[in-house]
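Order of listing sets the numbers, starting from 1, for every ligand and every atom in it. This one's a predicted model, so the numbers in the text were calculated from it and none came from an experiment.
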Amino acid sequence: MTDKRARDTAPSGNMPTTTAPPAGLTSRHLLGIEGLNPLEITGLIDRGNVFADIIQGNGQNDGQNSGRFDPPLSEVLRGRTVLNLFFENSTRTRVSFELAAKNLGGSVLNINVAGSSVKKGETLLDTATTLNAMHPHILVVRHNCSGAAQLLSQHVDAAVINAGDGRHEHPTQALLDALTIKRRVGRIEGLRIAICGDIANSRVARSNIHLLSTLGAEIRLVCPATLLPAAIDSMGVEIFTDLEEGIEGVDIVMMLRLQTERMEGTETPSQREYFNLFGLDRNKLMRAAPQALIMHPGPMNRGVEIDSATADDVEKSLIRTQVEIGVAARMACLEALASGEGAA
Ligand code: ASP
């Protein structure tokens, strides 16, 4: 990594300039937050912070062009191929990985699943064998089945990054969320964070619960009883079924989309009724701490889990910043895997 640019760039946000080294991971894959130790998590966040300083300092933060650098910031992926394999739709995450890889000097291949043999009935493992023959160094995979990334990791030579597997985990989203909070608030420890909405179907919730509680935040889950996952009690969270009670006094309100693609149809009332009870608007937000900030991993269903006035509130909403910081967080992850065994 050509760290000189990182050191020379003034920080934005409240954090001091960091010169954190590339993060080290004990595993050659990044399959989930569960299984990472606190040092690995903070190593990735600190390194992402260095990249975020550069991206935000570059003035490319209008949400349209979140941080493409030419020439790249680093050569760590020079001569290496990152293969984006998305079996589910994605805009933010796929583009963010693509930018991140190019900023590290890598080449990127995007596999369009809709046009690939996967749609013709090829199994995940056949796909793995085919992809292996292309010798990618890092495989970024999103799949609608929990465990798909782990299964692939056992059958390919590449280092695998889980970009979302079913309801299970979305580790890079949690890392970017934590980095966004840390840059804005200055810390995670001791914060009261409410994760609200469709928890049962959310891999973002699961990864964030692991990560934010590991770093010392107090986590509340707020959702209808029908959208609570089984065995949630063991995760050390507080549970609320009333939005206003659940966000009382919190520092961060993280809203989640109703993921109807993973529902059976009986979990929620009508969307209008859902918004009345669980949708965030300015009135309900008044119950949170006065300085409370709003987050959402996107895509948002405006008028279902959040209204537009709240989502677009420039003082309180971190939603656009999350997208921008995503590139930095993913650069830290790609760099960590490239520096380790996985991409060698
Ligand atoms: N983009 C996030 C995910 O892939 C959240 C969502 O889809 O609602 O899980």
**Request:** State if Gln173 counts as touching ligand 1 under the rule of any non-hydrogen atom under 4.0 Å.
**Result:** no
**Message:** With heavy-atom distances below 4.5 Å as the criterion, would you say the side chains of Leu293 and Val185 are in contact?
**Reply:** yes
**Request:** Would you check whether Arg262 has a nitrogen or oxygen atom less than 3.5 angstrom from a nitrogen or oxygen atom of ligand 1?
**Result:** no
**Fill in**
From the list Leu83, Leu139, Val141, Thr127, side chain to side chain contact (heavy atoms under 4.5 Å, CB included) with Ile111 holds only for Leu83
**Request:** Please could you name the atoms of ligand 1 that Arg142 approaches to less than 4.0 Å, counting only its heavy atoms?
**Result:** 4 (O)
**Row check, Phe97 ring normal vs Arg330 NZ/CZ: under 6.0 Å, within 45°** = yes
**Asked** Heavy atom under 4.0 Å from ligand 1: found in Glu88's side chain, backbone, both, or neither?
**Response** neither
**Prompt:** Hey, is ligand 1 close enough to Gln259 that some N/O pair sits below 3.5 Å?
**Reply:** no
**Item:** Nearest-option assignment for atom 2 (C) of ligand 1, heavy atoms, candidates Ser202, Ala163, Gly298, Gly166
**Value:** Gly298
**Message:** Tell me whether Glu189 at atom CD has more than 12 heavy atoms from other residues, nucleotides or ligands lying less than 6.0 Å away.
**Reply:** no
**Asked** Got the closest protein heavy atom to atom 8 (O) of ligand 1, with its distance?
**Response** Arg257 NE, 2.7 Å
**Request:** Answer yes if the side chains of Asn110 and Glu98 hold a donor-acceptor pair under 3.5 Å, and no otherwise.
**Result:** yes
**Side-chain heavy-atom pair Ile247, Cys196 within 4.5 angstrom cut-off** = yes
**Test item: Gln291 and Asp251 side chains (from C-beta on) under 4.5 Å apart, heavy atoms** = yes
**Asked** What part of Arg203, side chain, backbone, both or neither, has a heavy atom within less than 4.0 angstrom of ligand 1?
**Response** side chain
**Val204: numbered ligand 1 atoms lying under 4.0 Å from its heavy atoms** = 2 (C), 5 (C), 9 (O)
